[in-house]
Amino acid sequence: MKYTTRQSAILLLSDGTIFHGKSIGISGKTFGEVCFNTGMTGYQEIFTDPSYFGQIMVTTNPHIGNYGVNDLEVESESVKIAGLVCKNFSFNFSREAASGSLEDYFAKHNLICISDVDTRALVSYIRDNGAMNAVICTDGTSVEDLKKELANVPNMEGLELASKVSTTEPYFIGDENATYKISALDLGIKKNILRNLAKRDCYIKVFPYDSSYEDLTAFNPDGYFLSNGPGDPDPLHGVIDVAKQIIANDKPLFGICLGHQIIALANGVQTYKMFGGHRGINHPVKNLLTGKGEITSQNHGFAVKREALEGHPELELTHIHLNDNTVAGMRMKNKNCFSVQYHPEASPGPHDSSYLFDQFVDNIKTSKA
């Protein structure tokens, strides 16, 4: 293997801190909120997860690209992260099932990546100082010019991003002769969520984020689903109103991540931007209803205020994150509605929480009985 000289690159944080590295070969600059994911596998699922839209991803696994990419292992039709920061970028890959290299995949999607970064130091810095905006630059733009551009990038708090990743037209998933029909509101939905519903005898119609309650109800669904997605839930006033109407109608409702936060807001319970967020596939959660622990896949930078939830007469805390005791799940005491702040569809894993899809279908069965 011959030695190849690569262009120097930098990661500039909004507080002025600079981390140095190398470009993988795609020239330019990209802006977003810097965050990190601790997953040891599943980088392609992470990169295509719509919930990461507008974020520069730091991978704590030191080797990225070593097993290439596979066209079947995507959570949306395109790369959704704003850029990638990693330690070792593998231009070569060894996996029989791979359909190509990560380098070619990034070139196809024009995704800017900086490698050879001290990611241990970077992650430690983010953990101490919180998530913040940043820019990856691989084209030699001066630091002073980058600082000026970075100062104009909006903060994630207050930023509505669901409209950037939602479908523009309704579409269907599953067998049209399935027993149950689901209206799913796409705020940035992952493909594996739809696969999990479809394999449980559900026919799903997926609606754009700005669809009305009447649009969703015209499908005559047996249940409703509010998906995951990027950004701050607070600006999604239309979605919150739709959730209020679904809850008032008392049809089965299930929300994941952003959908979970929407359900909280629909009940007057506030959300907040977390200092660092939860992103990885090894987050411990306790189910307070069963007493069992779950290892979960998580990806969120906002959360529901626990004090407000526990003080609400019609809501019950059902799951907690064991690292920091934040809200990981809730249900309504007087309505057929529950939600979680993590990903039971996993992809790439783990699968401890897949029972939540069964719970949703059981709620539908009970409501139809």
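Any value given below was found using the heavy atoms of this structure, including those in side chains, with hydrogens, waters and symmetry copies removed. Count residues from 1 along the sequence. Treat the numbers as computed from the prediction; the structure is a model and nothing was measured.
For the atom pair CD1 (Ile263) and CD1 (Ile240), the distance works out to 11.5 Å, reported to the nearest 0.5 Å. Rounding to the nearest 0.5 Å gives a distance of 5.5 Å between CD1 of Ile320 and CZ of Arg306.
For the residue pair Tyr224/Asn249, the side-chain donor-acceptor check at 3.5 Å is not satisfied. A donor atom on one side chain and an acceptor atom on the other are found under 3.5 Å apart for Ser78 and Lys80. For the residue pair Asp49 / His343, no side-chain donor-acceptor distance below 3.5 Å is found, with atom types taken as modelled. Of the N and O atoms on the side chains of Thr59 and Asn61, not one donor lies less than 3.5 Å from an acceptor on the other residue. Under the 3.5 Å distance criterion, with hydrogens and angles disregarded, no donor-acceptor pair is assigned to the side chains of Ser367 and Asn336. A donor atom on one side chain and an acceptor atom on the other are found under 3.5 Å apart for Asp215 and Ser212.
Residues satisfying the salt bridge (Lys or Arg N to Asp or Glu O under 4.0 Å) criterion with Lys164, sequence neighbours excluded, are absent altogether. Residues passing the salt bridge (Lys or Arg N to Asp or Glu O under 4.0 Å) test with Glu294, sequence neighbours excluded: none. Residues satisfying the salt bridge (Lys or Arg N to Asp or Glu O under 4.0 Å) criterion with Arg195, sequence neighbours excluded, are Glu75.
Ring-plane geometry between Phe19 and Tyr125 is classed as perpendicular, the angle between the planes exceeding 60 degrees on a 0 to 90 degree scale with a lower cut at 30. Note on ring orientation: taking the six-membered ring where Trp is involved, the planes of Tyr67 and Tyr43 are parallel (angle under 30°, cut-offs 30° and 60°). Between Phe207 and Phe219, the angle of the ring planes goes over 60°, which puts this pair in the perpendicular group of the 30/60° scheme.
Looking only at side-chain heavy atoms (C-beta outward), Lys190 and Glu45 stay at 4.5 Å or farther from each other. With a 4.5 Å cut-off on side-chain heavy atoms, Ile256 and Phe225 count as touching.
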